[in-house]
Visitor: 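The structure that follows is given in the form of structure tokens.
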2 protein chains.
Amino acid sequence: MSEPKVTIADVAREAGVSKGLVSFALNDRPGVSAESRIRILEIAERLGWTPSLRARSLSTRRSFALGLVIARDPEVLGSDPFFPSFIAGVETVLAPQGLALVLSVVPDEKTEMRTYRSLVSDGRVDGVFLSDLRHNDPRIPLLQELGLPAVTLGRPDTQSPFPCISVDDTPGVAETVRYLISLGHRRIAHVAGSPALLHGSRRRAAFDNALSEAGLPAGQSIETDFSVAAGADAARRLLTQASPPTAIVFANDPMAIAGLGVAHELGLRVPDDVSITGFDDIDFTRYVFPALTTVRTAPSDWGRAAGRTLLDLMALGTAPDVDLPAGRLVIRGSAGTPLRP
Amino acid sequence: MSEPKVTIADVAREAGVSKGLVSFALNDRPGVSAESRIRILEIAERLGWTPSLRARSLSTRRSFALGLVIARDPEVLGSDPFFPSFIAGVETVLAPQGLALVLSVVPDEKTEMRTYRSLVSDGRVDGVFLSDLRHNDPRIPLLQELGLPAVTLGRPDTQSPFPCISVDDTPGVAETVRYLISLGHRRIAHVAGSPALLHGSRRRAAFDNALSEAGLPAGQSIETDFSVAAGADAARRLLTQASPPTAIVFANDPMAIAGLGVAHELGLRVPDDVSITGFDDIDFTRYVFPALTTVRTAPSDWGRAAGRTLLDLMALGTAPDVDLPAGRLVIRGSAGTPLRP
DNA sequence: TGCGTCTTCTGAACCGGTTTAGGCAAACCT
DNA sequence: AGGTTTGCCTAAACCGGTTCAGAAGACGCA
């Protein structure tokens, strides 16, 4: 229970060597004979010594922890399973290295910036993950100024010194639109995510492009904040118009599921009266009715890639960008041939 | 950018006093004259000094961080918005104190126990939140042995030295069952959560009780792991029987939403053919069709209460249990009068 | 005036590692 | 043989705070 915690001095004394040598042996650095190294490690093992993280932190000026600051309305956060999966993915690479993840959930951008500053001035973390990239993201110059290694989740639209993990959403959106067109849809609308968020505006641009490439006129788009409530509102507006779209492409699954609910509520059949597609392929999509046609993404792959990249960056001082394979369309029941085109 | 980080020694030199006195002034402890204190703090301010968390950690043997270890399948984790809200609640009390939250998401119980051990042996955290309480929870004796302060989320079924934050699920479940009975339902089934989890088995017991108190025969119950997939399976089994229930009480909302999907898929109308209720009132419930009748709980209140209690426990050595107000039934469209009772 | 007490403050030890300058042999030159 | 290199190791400084024993001065009191 309360054994007086064995320290490096105990190990050194027991082995009849200096503290320094124990330290060298532990971090296997040159200048220790093979026998000594083995003997020291054996004694450390026997004494049950684990080097004090705190002491190590102080002398090495590292904290052995990585940070993730999430600035989202808890409500939006709750309906989006991205982060749990992402974090689970990150952990698979952090845990074996003995690194911890420090998580902050903050309500607004101002608090967010303050949080980064205090993470740094407290020396709480050795690096951070930058998620939900925004246009002209102020966090990038901030972190650069603070000298904190970072990895961005998504490709920034500004000059950035940090490696990024990104995936091109264009093919997924394009595939969705082409699929809908092949089913006979001509009036296709888009419920976009937040235009302030890069993946929000990029998915929207991909949607516009796909339509024009198919030679169709621009479709209706409604901007939202990615929340379920906003998705429902948008769906209601679209579907109660004089001549409503026959298909709606939602920028994420939670909004699409809300759209499904709205369609049902309005007495519309899905997909006969309106086709609905989502984005992300969250767990729910398989179990709503009709099951949601959507684009599969892999948040835990993001996590793993981001974790590895950040580790590389910190160890090597540089790390290459990672391009994750684009999401593919998963065809289920929520999109079909329009009854009245 | 890379100012050579001002330390306590700089402040002491500038103020013409000893390091010790600066430390005393900072932690406002007796033995410092009012003038000195003011002058020192002013100089600290001017120099932009923030005491090094790392040095502080080493000498005080505290880490100024709290831990949360989540042992859940990422898939289940993703569809349940409890943790994001809970964490947001926790942060509101940690952040002002300068405390950080260290999060671990682990795949299984063995890793979980190992994680607690290493959090302690690394001195990574000063206390932890124990969520998803299980029967005869092995984490309680473990943490007791490790001497780590903890707060349990839910009332343990064994002797526990830790304060707990709990809410009685019984009234919510009972209210739901009574409501269904009042609508005319007699064959009511329950899709229970994991029996290994305390809230899973307690909600089930509440269900059984409510039926027997109403003088009805025991209803069907199916155990699940709280996952969306399991909820869908259970619903399918229940609804494809010879004489299916007219109402199903699900132990959480994600499963209930899956149940809604299954009912639709089977061509059943909700609530005419089958009524469905959930538990937790997650964001989605308002936007599925029909909107889900469920029991409202407040995860961020749990977070705040748990945070405060853990702080009290660490500061005072003891803290009282907290009983959160029981969840109330929120009536929406998914439950109604059975057409064929 | 002398003595005890209180307040304010200092110096040094301490937390538990890492790191650097340097000592001492043994091995390697030529 | 003498000088240099090399390998292994030690002692001490250092990271930046906290804490404790005790010094110095102010004050009260007999």
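Predicted model only: the values in this text are computed from it and were never measured. Letters A, B, ... mirror the listed sequences (proteins, then strands); counts begin at 1.
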Visitor: Are side-chain N/O atoms of A:T111 and A:D108 paired as donor and acceptor at under 3.5 Å?
Guide: yes
Visitor: Looking at B:V69, B:L119, B:V128, which one forms a side-chain contact (heavy atoms from CB on, under 4.5 Å) with B:V102?
Guide: B:L119
Visitor: On the nucleotide D:dT10, are OP1 or OP2 found under 4.0 Å from the side-chain N or O atoms that A:S18 carries?
Guide: yes
Visitor: Is A:R72 salt-bridged to A:D80, cutoff N-O under 4.0 Å?
Guide: yes
Visitor: Whether B:S33 contacts C:dT7 is assessed here as follows: a side-chain N or O lying under 4.0 Å from the phosphate OP1 or OP2. Is that the case?
Guide: no
Visitor: Just N and O in the side chain of B:R62: are any of them under 4.0 Å from OP1 or OP2 of C:dC15?
Guide: no
Visitor: Taking N and O atoms by type only, does the side chain of A:K19 place a donor or acceptor under 3.5 Å from a partner on the base of C:dG17?
Guide: yes
Visitor: Are any of A:R61's side-chain N or O atoms less than 4.0 Å away from OP1 or OP2 of D:dG16?
Guide: yes
Visitor: If you check the B:S52 side chain, which of C:dT18, D:dT18, D:dG17 turns out closest?
Guide: D:dG17
Visitor: Specify the residue among A:R37 and B:G20 whose closest nucleotide of DNA chain D lies further upstream toward the 5′ end.
Guide: A:R37
Visitor: Using a heavy-atom cut-off of 4.0 Å across all strands, would you classify B:S57 as base, sugar-phosphate, or nothing?
Guide: nothing
Visitor: Can you see whether B:T158 engages B:D137 through a side-chain donor-acceptor pair at a distance of less than 3.5 angstrom?
Guide: no
Visitor: Which part of the nucleic acid, if any, lies within contact of B:V22, taking any heavy atom under 4.0 Å across all strands shown: a base, the sugar-phosphate backbone alone, or nothing?
Guide: nothing
Visitor: Is the closest side-chain donor-acceptor distance between B:S118 and B:S121 under 3.5 Å?
Guide: no
Visitor: Can you tell me if the side-chain N/O atoms of B:W49 get under 4.0 Å from OP1 or OP2 in D:dG17?
Guide: yes
Visitor: How close or far is atom C1' of D:dG16 from atom CG of A:D122, stated in whole angstroms?
Guide: 14 Å
Visitor: What nucleotide, of D:dG16, C:dG17, D:dT18, holds the atom closest to the side chain of B:T7?
Guide: D:dG16
Visitor: Using whole Å, report how far CZ of B:F24 lies from P of C:dT7.
Guide: 14 Å
Visitor: A:S23 side chain N/O closer than 4.0 Å to the phosphate oxygens (OP1, OP2) of C:dT18?
Guide: yes
Visitor: Can you tell me the distance, in whole Å, between the CG atom of B:L21 and the P atom of C:dA12?
Guide: 16 Å
Visitor: Testing B:D321, B:T309, B:L130 for side-chain contact (heavy atoms from CB on, under 4.5 Å) with B:I165, which one passes?
Guide: B:T309
Visitor: Hey, which of these two, A:R39 or B:I8, hits DNA chain D nearer its 5' end, going by closest nucleotide?
Guide: A:R39
Visitor: Would you indicate, yes or no, if D:dG16 has its OP1 or OP2 atom less than 4.0 angstrom from a side-chain nitrogen or oxygen of B:S59?
Guide: no
Visitor: Can you measure A:F64 atom CZ to C:dG17 atom P for me and round it to whole angstrom units?
Guide: 12 Å
Visitor: Answer with base, sugar-phosphate or nothing: what part of the nucleic acid does B:G16 contact at a heavy-atom distance below 4.0 Å?
Guide: sugar-phosphate
Visitor: Provide, to the nearest angstrom, the distance between the CG atom belonging to A:L58 and the C1' atom belonging to D:dT18.
Guide: 12 Å
Visitor: In whole Å, I'd like the distance from the CG atom of B:L53 to the C1' atom of D:dT18.
Guide: 14 Å
Visitor: Can you tell me if B:R54 touches the phosphate of D:dC15, counting only side-chain N or O atoms and a distance under 4.0 Å to OP1 or OP2?
Guide: no
Visitor: Are any of A:R29's side-chain N or O atoms less than 4.0 Å away from OP1 or OP2 of C:dT18?
Guide: no
